[in-house]
Amino acid sequence: MTETKPRQIYVNLAVRDLQKSMDFFSTLGLTFNPQFTDDKAACMVINADAYVMLITDPFFRTFTKREPCDTKTHSEALIALSCESRAAVDEIVRKAIDAGGAHAMDPMDHGFMYGWSFYDLDGHHWEVMWMDPNAAQ
């Protein structure tokens with residue numbers, strides 16, 4: 001089997017107010033690549049191979065023939081973000097709530113894995129999780 005280079009992932013999310021969304025995620029410690037950010041979209045950096053494109057609703061609609069999901073009443077996806085500790089999970093979720101996000105699910109503690117979740121300003125569901133690295137072995 002031929003070994004291939006790992007793929008990058010770009011998650012695209014429709015947002016109502018791009019600047020408010022950027023401010024929200026900046027509060028959580030995330031940064032944006034200015035090279036791929038303008039008044040219609042912002043490239044949020046998760047890591048060197050993972051990005052979230054926050055796209056204004058009108059611009060988002062140019063990429064699909066389907067209606068965007070109404071995230072006030074429906075979940076389009078669960079976007080999971082890993083953390084280095086349980087405390088980091090709690091810190092991110094608390095920052096998200098303090099910045100205007102909403103609680104999604106109660107914390108889930110499975111011993112070797114811990115997670116908590118929030119809805120961002122546009123209702124996208126973010127799962128923040130930690131897994132004990134020793135449990136994977």
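Just so it is clear, the values below take in all heavy atoms, side chains as well, and ignore hydrogens, waters and symmetry mates. Quantities reported herein were computed from a predicted structural model and do not represent experimental measurements.
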Gap separating the [atom1] atom of [X] from the [atom2] atom of [Y], nearest 0.5 angstrom:
{"X": "Q8", "Y": "I46", "atom1": "CD", "atom2": "CD1", "value": "13.0 Å"}
{"X": "K95", "Y": "S26", "atom1": "NZ", "atom2": "OG", "value": "11.5 Å"}
{"X": "Y10", "Y": "F36", "atom1": "OH", "atom2": "CZ", "value": "6.5 Å"}
{"X": "Q19", "Y": "T56", "atom1": "CD", "atom2": "OG1", "value": "12.5 Å"}

Report yes if some heavy atom in the side chain of [X] is under 4.5 Å from a heavy atom in the side chain of [Y]; otherwise report no.
{"X": "L13", "Y": "I79", "value": "yes"}
{"X": "E76", "Y": "T71", "value": "yes"}
{"X": "D109", "Y": "R86", "value": "yes"}
{"X": "S82", "Y": "M131", "value": "no"}
{"X": "L54", "Y": "L18", "value": "yes"}
{"X": "F59", "Y": "D38", "value": "no"}

Between [X] and [Y], is there a shared hydrophobic cluster once you connect ILVMFWY residues whose side-chain heavy atoms come closer than 4.5 Å?
{"X": "Y119", "Y": "I97", "result": "no"}
{"X": "V93", "Y": "F24", "result": "yes"}
{"X": "V89", "Y": "L81", "result": "yes"}
{"X": "F118", "Y": "L78", "result": "no"}
{"X": "L30", "Y": "M53", "result": "no"}

- [ ] List the steps, then state whether side-chain contact (heavy atoms from CB on, under 4.5 Å) holds for R7 with I9.
- [x] CA-CA 7 Å; R7 295 177 189 252; I9 184 168; over 6 Å; no
Task: Residue pair S21 / D120, side-chain donor-acceptor N/O under 3.5 Å - done: no
Task: Whether over 12 other heavy atoms sit under 6.0 Å from D106 CG - done: no
Task: Qualifying residues under ring-ring contact (aromatic ring centres under 6.0 Å, His included), relative to F32, sequence neighbours excluded - done: none
Which pair of non-hydrogen atoms, one from [X] and one from [Y], has the smallest distance, and what is that distance?
{"X": "C83", "Y": "W130", "answer": "O-CD1, 3.6 Å"}
{"X": "A99", "Y": "L121", "answer": "O-CD2, 4.0 Å"}
{"X": "A42", "Y": "M22", "answer": "CB-SD, 3.6 Å"}
{"X": "C69", "Y": "S75", "answer": "SG-C, 4.3 Å"}
{"X": "Y114", "Y": "P107", "answer": "OH-CB, 3.7 Å"}
{"X": "H124", "Y": "A14", "answer": "NE2-O, 2.8 Å"}

TODO: Describe, in one word, how the ring planes of H110 and F112 are oriented to each other, choosing from parallel (under 30°), tilted (30 to 60°) and perpendicular (over 60°).
DONE: tilted
Between the main-chain N or O of [Y] and the side-chain N or O of [X], is there a donor-acceptor pair closer than 3.5 Å?
{"X": "D132", "Y": "N134", "result": "yes"}
{"X": "T27", "Y": "D23", "result": "yes"}
{"X": "N33", "Y": "V45", "result": "no"}

TODO: Start with the C-alpha distance between W126 and I92, add both sets of side-chain angles, then the distance that settles side-chain contact (heavy atoms from CB on, under 4.5 Å), and finish with yes or no.
DONE: CA-CA 11 Å; W126 291 80; I92 288 177; over 6 Å; no
Task: Full working for salt bridge (Lys or Arg N to Asp or Glu O under 4.0 Å) between R61 and D57 - done: CA-CA 6 Å; R61 290 171 183 269; D57 188 70; 2.8 Å; yes
Task: Criterion side-chain contact (heavy atoms from CB on, under 4.5 Å) on E127 and M108, from CA distance to verdict - done: CA-CA 10 Å; E127 294 284 331; M108 294 177 278; 3.8 Å; yes
Task: Worked check of side-chain contact (heavy atoms from CB on, under 4.5 Å) between V128 and W116 - done: CA-CA 5 Å; V128 188; W116 198 6; 5.5 Å; no
